[in-house]
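Sequence positions, counted from 1, serve as the residue numbers for this chain.
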Amino acid sequence: MDKLIKDVKEKISQKFHYIIIEGIMLYEDTRLEELIDRKYFFILPYEECKSRRVLRAYEPPEPYPEYFDVMYWPVYQQQLELFTHRADIKLVDSTNIIEAIQDAILADIQ
């Protein structure tokens, strides 16, 4: 996380207008969260989330076949429950078409 925070601060100092940071654990570190102006959490139903994850190749690979069900999905559900009650995090329905998602986020940041 320290490297990510350093990299984000560097980009901010270079006057980047937009920096996209992705990851389910981003809001676990307040140092990083304080650097983020707009926060979004993408919502997906279990089956869709699992089917998308299966299509990805991870390096290193996930440690065991049940990783999604045992580790990832329970953490996702915990995060979703927390973020549902936070006014500073906008929930995005990821089942919408990508153009609709992009349009909504672009409208929000302009």
Between the CG atom in Leu91 and the CG atom in Leu80, the distance rounded to the nearest 0.5 Å is 6.5 Å
pair Tyr76-Met71: side-chain heavy atoms closer than 4.5 Å: no
- Query: Less than 4.5 Å apart, any side-chain heavy atom of Tyr27 and any of Leu32?
  - Reply: no
Q) For Asp2 and Arg31, what are the C-alpha separation, side-chain angles and deciding distance, and is it a salt bridge (charged side-chain N to carboxylate O under 4.0 Å, His left out)? A) CA-CA 9 Å; Asp2 289 338; Arg31 297 172 303 157; 2.8 Å; yes
Does Lys39 have more than 12 heavy atoms from other residues, nucleotides or ligands lying within 6.0 Å of its NZ? yes
Given the options Gln79, Gln78, His85, Glu81 meets side-chain contact (heavy atoms from CB on, under 4.5 Å) only with His85
Which pairs would a plain distance check flag for residues 41-50, meaning a side-chain donor or acceptor within less than 3.5 Å of a matching protein atom at least two apart in sequence or in another chain?
{"from": "Tyr46", "atom 1": "OH", "to": "Lys50", "atom 2": "NZ", "distance (Å)": "3.4"}
{"from": "Tyr46", "atom 1": "OH", "to": "Asp69", "atom 2": "OD1", "distance (Å)": "2.4"}
{"from": "Glu48", "atom 1": "OE2", "to": "Arg52", "atom 2": "NE", "distance (Å)": "2.8"}
{"from": "Glu48", "atom 1": "OE2", "to": "Arg52", "atom 2": "NH2", "distance (Å)": "3.4"}
{"from": "Lys50", "atom 1": "NZ", "to": "Asp69", "atom 2": "OD2", "distance (Å)": "2.9"}

Candidate pair Leu35 and Lys9, rule side chain to side chain contact (heavy atoms under 4.5 Å, CB included), full reasoning:
CA-CA 8 Å; Leu35 300 173; Lys9 285 181 176 180; 3.8 Å; yes
To the nearest 0.5 Å, atom CD1 of Ile5 lies from atom CG of Asp7 at 10.0 Å
With sequence neighbours left out, the residues meeting side chain to side chain donor-acceptor pair (under 3.5 Å) with Lys90 are Asp108
Side chains of residues 11-23: which donor-acceptor partners sit under 3.5 Å, not counting sequence neighbours?
{"from": "Ser13", "atom 1": "OG", "to": "Glu10", "atom 2": "O", "distance (Å)": "2.7"}
{"from": "Gln14", "atom 1": "NE2", "to": "Glu10", "atom 2": "OE2", "distance (Å)": "3.3"}

_Quick check: do Gln102 and Ile98 have side-chain heavy atoms less than 4.5 Å from each other?_
yes
Separation between CZ (Arg53) and CZ (Arg56), nearest 0.5 Å, reads 6.5 Å
ask   = Are any non-hydrogen side-chain atoms of Ile89 and Tyr40 less than 4.5 angstrom apart?
value = no
All heavy atoms of Ser51 vs all of Leu55, minimum pair found to be O-CG, 3.4 Å
dist Glu62:CD -> Phe68:CZ (nearest 0.5 Å) comes out at 9.0 Å
